[in-house]
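Only one structure is covered here, and it is reproduced in the block below.
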Amino acid sequence: MERETLEVDVLIVGGGPAGLSAAIRLAQLQQSQAGEPLSIAVLEKAREAGAHSLSGAVLDPSALRDLIPDFEAKGAPLAAPVQRDHVYVLTEKSKFRLPIVPPPLRNHGHFIISLSAFVRWLSTLVEAEGIDFFTGFAGQEVLFDGTRVVGVRTGDRGVGKHAEHKPNYEPGVDIRAKVTIFCDGVRGNLTKQLIRALVLDEGKEPEQYAVGLKELWEIPKDRIAPGTVMHTLGYPLRQDEFGGAFIYALPEGQLALGFVTGLDYADPLFDPHMAFNRLKQHPFVKTLLDGGTLVRYGAKALPEGGWNTVPRSYMDGGLIAGDAASFMNSMRLKGIHLAMRTGMLAAESAFEAIRAGDTSQAGLKRYQAKIDASPVRAELYPVRNVHQAFGYGLFAGMAFAGLSILTGGRWLEDLRSLPGYARMKTLAWYYGLDVPTLKPSNAVAPDRRLTFDKLTNVHYSGTAHEEDQPSHLLVDTEVCSSRCGPEYGHPCTRFCPANVYEILREPGQPPRLQINASNCVHCKTCDIMDPYQVITWVPPEGGGGPQYNGM
Amino acid sequence: MILVLAEQRGGTLNRASWEAVAAAQALAGGMPIRVAVMGESTAAQAGELAKADVAEALAVEHAALAPYTPDAFTMAAQALIAASSPTFVVAAHTYQARDFAPMLAARLRTTLVSDVIGISGTGSEATFTRPMFQGKLVATVRPRPSGPCVITVQIGAFRADAVRMGGSATVTRVAAEIDAAAIRQKPEAPFQEAKQAVDLGQAERIVAVGRGIKSQEHLPLVQKLAAAMDAEVAASRPICDNGWLPMDRQIGSSGQTVAPKLYMALGISGAIQHLVGMKGSRTIVAINKDRDAPIFEVADYGIVGDLFEIVPALITELEKK
């Protein structure tokens, strides 16, 4: 088949903080150094910049300051400087405030932001540089020449539900580049292909993930001072479950509220969305939200594993930056600055390699050297075992986190870990002979005021997809019905925060999996957490997905 | 003066044109209203519209208007507007208007207020409400006075039967000013798909079915009820997702938005995604087994019960008449 081909020097896949920082850095290098200007293209699956960007978010401005020193003059949307930090331990009915905020959670000098707004702002800087920024185009497939990455194929458009070509069919475009920088985010579909094809995780610890559910609320303006940052531990999670809540007060009575759950829980009937609902029913949170209105909802996975889980991020013709390569500090609950920093370093590496005429793995290995010499390693290496320690429970994790800070993480052998999905127990193991009904073990009935069912929440994510297209969630339904169902009770119906997976039970027929693909908010939880690893998330037709304005 | 752009296809006036006339009457506040029907030969449709309380009905005719093309319709409308300088140009928010109204507004360098659901005030004091974010927010907008403002009104937002009748409008035939050489589109015969496609926005009565129907074999029951009521069949997403009904029958945020006189929801729980597509219906009747189903929050009449008992009883009663 004839495909259009586009040739560029540098292709950046993913218009989030990492990708856009890379683009800006490339433009800066171009201006400061003579020579033939490079052609640069950025691909983004969302219809517009920032539409798929979701984070808490508290921004450490260190990388921003280095990338765009006059960021304030350029109008960076930094909603509120952090004024105060509180950490609470919740029990079912009450709360205890930690007398001392642990150092990693001190946010003086940081800003509460809407990541979506921040990314949109970065995109205006990229476009002002004249860089081609293709929104609504997802990278579908890595193009290889042997083991060399030579570019990316974008997804086809106009393909119907049964794979037939509709009148508006357009085949995807091959974008070929000397260097491709993959910034496709947490559990990126292309980075996943790269890791498998080139075994980039050889000798690394298995990646660890969490899923964060977030809501944006409007509450009475005088209820909480803008700039207040609160985190919680404990309820509604059990001692062996990793996670906690974040509550960030923005100006004008906007409140960002979220709940992060480690995707390594044991109870197959656990439901992260229900945990979020329980959090909202806790007197502490309920008092904050009462009388307010829900504005937005969203969900996204987080790469929690840290330094020892970062895959080899350089290869022939390719680099990986940001969440895609797991550059996140789970102890500080921050990754935007690391995404920006690694994006910048990837840009510098690509630029130098192209100028030197060597974009092979050897030529791009300078990326690793730059990371090792940068604040990225300085920040991540000492705490490289902290998330893994939480695998031994909340108290072990906290103790380990404290020790890591005191010693700089120098004293122990690295902790080994299993991938999170492998820690899920079967129904029989967890519940013995007394297997309950397949309701979530932490189920609560939504009141439609503070707490909602998943489908209603999805509405507030603004998610929309072309309905007449093939499912973008590829599931081995044989394993699903013969193994995962009987053994784990279809956990996908619970861990998906967007009601994509439903088991229909019709009289006289075996249970049937229905995939409501158009509900998908692109969080990647299913691709990560299903115990048999038989769900593959691929990008839907470009432009589809959530609309995270303000998130 | 307000100019209403009515719509016809193959000599049949689109019912939504009456809704546009109703909106214009609400907006007029004493301003005269002219209604224009564009097409190859539209005197008959203009004659129908002349029965409304309007000042004049225009049959804007040209051979190049026989098939719809955005260029020809924009040119004809632009010439008409240039000749008569209306304060507002009002059309129903049909697929056709969605296609050419933005171009028309851009050519006139004027404001387009699309998908309007309410008008308050009249004339230059008027403000318009329109949905945003898939109906979650409603924005109130007031256009800056800069030439004729183009308004498209959501189907069902204004009542066709609320049009004041009884005017004695003259019907004038006008030759449209079109430079046929400047039409860039060459329409082909409508697709087979498009021929079958139902425009549920036109239906006066809709029987919608949801997951409560349990299996495809039970659909004839719903179709029978719809036939007895002279209604169109529609569905919530799970039904269309399963392929039990075609996707063009889907109501809701990912399907069509409708506002019929009667909307009967059978076995539909009423997820918010469905409600945004039908909550403007005049009368909503819901049948559902679950008394806590959210559909009952918007229903005017609710029956808590088994649709497999109630629907056959309804059909029996309806067929008696």
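Residue numbering restarts at 1 for every chain, and letters A, B, ... go by the order of the sequence lines.
- Of the listed residues B/K214, B/Q273, B/Q250, the one with more heavy-atom pairs under 4.5 angstrom with chain A than any other is B/Q273.
- Summarising the local packing, NZ of A/K166 is surrounded by more than 12 heavy atoms from other residues, nucleotides or ligands at distances under 6.0 Å.
- One finds the OG atom of B/S254 at 10.0 Å from the CG atom of A/N516 (value rounded to the nearest 0.5 Å).
- Interatomic distance, CG of B/N242 versus CZ of A/R512, reported as 5.0 Å (0.5 Å rounding).
- When the candidates A/T456, A/L455, A/L504, A/D453 are compared by the number of heavy-atom contacts under 4.5 Å with chain B, A/L455 comes out ahead.
- Separating the CG atom in B/D292 from the CZ atom in A/R448 is a distance of 7.0 Å, to the nearest 0.5 Å.
- Both the backbone and the side chain of A/N519 come within contact range of chain B, with heavy atoms under 4.5 Å apart.
- In this structure, OG in B/S253 is found 8.0 Å from CD in A/E467, a value given to the nearest 0.5 Å.
- Using a distance-only test at 3.5 Å, with no hydrogens or angles considered, a donor-acceptor pair links the side chain of A/K161 to the main chain of B/D241.
- Sparse packing is recorded around CZ of A/R47, with 12 or fewer heavy atoms of other residues, nucleotides or ligands lying under 6.0 Å away.
- At a 4.5 Å heavy-atom cutoff, the contact between A/E502 and chain B is made by side-chain atoms alone.
- Using a 4.5 Å heavy-atom threshold, the side chains of A/Q514 and B/R211 count as touching.
- Chosen from B/P294, B/A271, B/P238, the residue pairing most often with chain A at heavy-atom distances under 4.5 Å is B/P294.
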